[in-house]
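See below for the structure under consideration.
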Amino acid sequence: MAERLQAPRGTFDVLPDDSERREAVESAARRVLGGAGYRRIETPAFEATELFARGVGDSTDIVQKEMYTFEDGGGRSLTLRPEGTAPICRAYAEHGMHRLPQPVKLWYLGSFFRYERAQAGRYRQFWQVGAEAIGSDDPAVDAESILLLATLLDELDVREVRLRIGSLGSPDSRVAYRERLVAHLRAHEEELAEEVRVRIDLNPLRAFDSDHPGTREVMREAPRMIDALSPQDAEHFAAVRAMLDAAGQPYEVDPTLVRGLDYYTRTVFELTSDALGAQSGVGGGGRYDGLVEQLGGRQAPGMGWAAGVERILLAAGEQPVAAPEVDLFVAVDGGDGARTAAFAVAAEGRRARMHAQLELAGRSLKGQLKQAARVRARYVAVVGDTSSALRDMDTGEQTDVETETIVARILRERGLGA
RNA sequence: GUGGGCGUAGCUCAGUCGGUAGAGCUCCUGGUUGUGGUCCAGGCGGUCGGGGGUUCGAGUCCCCUCGCUCACCCCA
């Protein structure tokens, strides 16, 4: 035998037994997001590398080391999409969606790619469901967006969910704040962890996440973004919180909440589940008021989030899905004539919109009955060379019938006929 | 990229001090009832992740390597 190939590291097959639960995520997303006026969008699986370099940010881990980048036959640098927001902003600009009633509300479900070491809840190809509202900076957009994700997770029975929110301010106050933070870190450089020191200029906000004792001590005294918000940003944040309060949505304000992508402004949030392992983030997002413009469109504020399908499934309880019922299983008890006749019976049943299955493996009659029971068939037609029998699998009753009348009989008995 | 754990049939696993590979489940066949979900019997199925070494002999010991997995990091 030749060497057996495996799915690449960090990827997985969705087998039939798993696919029903994933479909439940999709239909819940359609229900929750569609119900709020979001419409589905699909963008390409790969994009110009430039899109992510500019949109996500050069200093991010995603751009620095996690992208699947390749050159196509025409010498263009392309990248398998590592996230969904930048492509959607690109589409917004490309299709002139600023002419539509604002905000334009879009949702998506698809797979994304990041070159990382796989672990529980983290894969190289993974699926995300996401929502973006572009074209309004109203705090109601932020609150509604957050609430929609919380609702979606609730409907999918994701366990032990916690919501944290914060605000990063707008670019100018963020730049000023950043300078103060860097100065503070510089002043205490020798007390910081090595990896934090290396990133002082690249991404000083990361220092808040460190669990290094010396660093934590330094960060206790560090200036916090949330205290440095401009009056307008502080007001925006307060409005978002007031609306979450009004909706009865619990949350905690996390002044150190840092998201790993550069485009965020103002509101950021994260939903985590304690039912998960180390990768406890189920979904998160925030506002990105400068992104569309940065990608060459006209200025348009935006707000959105993404949630990991695998993590949703991991954090949701096991929910048994009932196997679908089969109306008719057509068994063969005879030679070639019987086989052909059986084929015709199954075909006729399907034309009558019945769920009909045919014996396809040359099993013994006993084996065929076993198979019929396995697929939860309601009736079994045992088709012979000259005559046939129809068996009710629930009652065990079996009657001899003309082969040609099998489908009509079932339709009559089940009340499926016209 | 760095650590820890683990790699024996499709799946879950056993394999004693190194002696030449087993169970349960699944699947197929037959019997029990002329044809199902019970029970019984049988069958299919494994280069013991791969390579090298020690040994008369390695699934068992040593080295290397690959893979899976959890964690760091980061995020969905």
Side-chain angles (χ1 to χ4, degrees), chain A residues 1-12 15 17 25 56 59-66 81-85 108-130 149 153 158 193-196 198-199 203 206 209-212 257-261 270-273 276-285 304-315 329 331-334 359 361-384 388-398 400:
Chain A
M1 265 204 289
E3 188 192 348
R4 190 149 66 163
L5 295 169
Q6 293 178 294
R9 169 177 282 179
T11 68
F12 53 88
L15 300 177
D17 282 348
V25 173
V56 177
S59 71
T60 61
D61 274 14
I62 290 178
V63 171
Q64 285 205 326
K65 52 184 187 189
E66 296 176 2
R81 58 181 181 180
E83 63 99 46
T85 302
Y108 61 90
L109 175 68
S111 61
F112 295 85
F113 309 83
R114 290 183 201 171
Y115 184 78
E116 290 187 277
R117 280 293 281 263
Q119 72 185 78
R122 190 171 77 183
Y123 304 95
R124 288 182 172 179
Q125 179 181 2
F126 55 99
W127 292 70
Q128 283 188 336
V129 54
L149 177 52
L153 297 185
V158 176
E194 170 68 25
E195 64 269 23
V196 173
V198 173
R199 287 178 174 142
N203 194 347
R206 287 254 177 81
D209 288 339
S210 175
D211 46 12
H212 175 259
L257 185 57
V258 174
R259 307 231 81 234
L261 296 89
E270 204 163 88
L271 278 149
T272 56
S273 167
L276 256 31
Q279 305 304 319
S280 62
V282 179
W305 49 259
V309 171
E310 291 75 33
R311 290 187 187 173
I312 288 174
L313 261 19
L314 226 50
F329 184 89
V332 184
D333 185 23
E359 167 60 16
R363 273 180 272 256
S364 66
L365 198 50
K366 171 177 174 164
Q368 295 184 61
L369 266 292
K370 198 172 176 179
Q371 174 67 5
R374 204 156 32 209
V375 301
R376 299 179 10 113
R378 186 63 230 292
Y379 292 95
V380 171
V382 180
V383 177
S388 298
L390 187 59
R391 183 178 183 85
D392 183 322
M393 293 295 275
D394 289 348
T395 65
E397 283 173 39
Q398 183 168 324
D400 291 339

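As a basis for the values below, the full set of heavy atoms in this structure was taken, side chains included, without hydrogen atoms, waters or symmetry mates. In what follows, every chain begins at residue 1, and chains take the letters A, B, ... in the order their sequences are listed. None of the values given here were measured: they were computed from a predicted structure.
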Is it the case that the side chain of E310(A) and the backbone of W127(A) share a donor-acceptor pair, with hydrogens and angles ignored and the cut-off at 3.5 Å?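 Present.
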Any donor-acceptor pair under 3.5 Å linking the side chain of E359(A) with the backbone of G362(A)?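 At least one qualifying donor-acceptor pair exists.
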Using every non-hydrogen atom in the two residues, find where Q368(A) and R363(A) come nearest and quote the distance to one decimal.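 So the two residues come closest at NE2-O, 3.2 Å.
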Could you pull out the closest heavy-atom pair between T60(A) and L261(A), with the gap in Å?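 The answer is CG2-CA, 4.0 Å.
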Could you state the atom-to-atom distance from [atom1] of [X] to [atom2] of [N] in whole Å?
X	N	atom1	atom2	value
L5(A)	G50(B)	CG	P	16 Å
E397(A)	G36(B)	CD	P	16 Å
R391(A)	G36(B)	CZ	P	7 Å

Check D61(A) with R114(A), please: is the shortest side-chain N to carboxylate O separation under 4.0 Å?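 No, this pair does not count.
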Point-to-point distance, once rounded to the nearest 0.5 Å, from [atom1] of [X] to [atom2] of [Y]:
X	Y	atom1	atom2	value
R124(A)	T11(A)	CZ	OG1	9.5 Å
W305(A)	E270(A)	CH2	CD	14.0 Å
R122(A)	L276(A)	CZ	CG	13.0 Å

Which whole number of Å gives the distance between the [atom1] atom of [N] and that of [M]?
N	M	atom1	value
U32(B)	G42(B)	C1'	15 Å
G43(B)	C61(B)	P	32 Å
U60(B)	G19(B)	P	11 Å
U8(B)	A58(B)	C1'	14 Å
C72(B)	G59(B)	C1'	34 Å
G15(B)	G22(B)	P	15 Å
G24(B)	C17(B)	P	24 Å
G36(B)	C27(B)	P	15 Å

For the ring pair F329(A) and Y379(A), is the centre-to-centre distance below 6.0 Å?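 Centroid separation for F329(A) and Y379(A): 6.0 Å or greater.
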Evaluate the criterion side-chain contact (heavy atoms from CB on, under 4.5 Å) for residue pair R311(A) and F126(A); output intermediate values, then yes/no. CA-CA 10 Å; R311(A) 290 187 187 173; F126(A) 55 99; over 6 Å; no
Do R81(A) and F113(A) form a cation-pi contact, if we require the NZ or CZ to be under 6.0 Å from the six-membered ring centre and within 45 degrees of the ring's axis?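 Checked: cation-pi criterion not met.
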Expected string for nucleotides 69-76 of chain B under the B/S/- scheme (protein heavy atoms, under 4.0 Å, primed atoms plus P, OP1, OP2 as sugar-phosphate) is BSBBBBBB
Tell me the stems RNA chain B sits in, counting at least three consecutive Watson-Crick or G-U wobble pairs, each under 3.5 Å on both distances.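 Stems (3+ consecutive pairs) listed as B:1-7 with B:66-72, B:10-13 with B:22-25, B:27-31 with B:39-43, B:49-53 with B:61-65.
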Identify the pairs formed between an N or O of the protein and an N or O of nucleotides 24-30 of chain B at a distance under 3.5 Å, and give each distance.
| unit_1 | atom_1 | unit_2 | atom_2 | d |
| --- | --- | --- | --- | --- |
| C27(B) | OP1 | R374(A) | NH1 | 2.5 |
| C28(B) | OP1 | R363(A) | NH1 | 2.7 |
| C28(B) | OP1 | R374(A) | NH2 | 3.1 |
| U29(B) | OP1 | S364(A) | N | 2.5 |
| U29(B) | OP1 | S364(A) | OG | 3.3 |
| G30(B) | OP2 | S364(A) | OG | 3.0 |

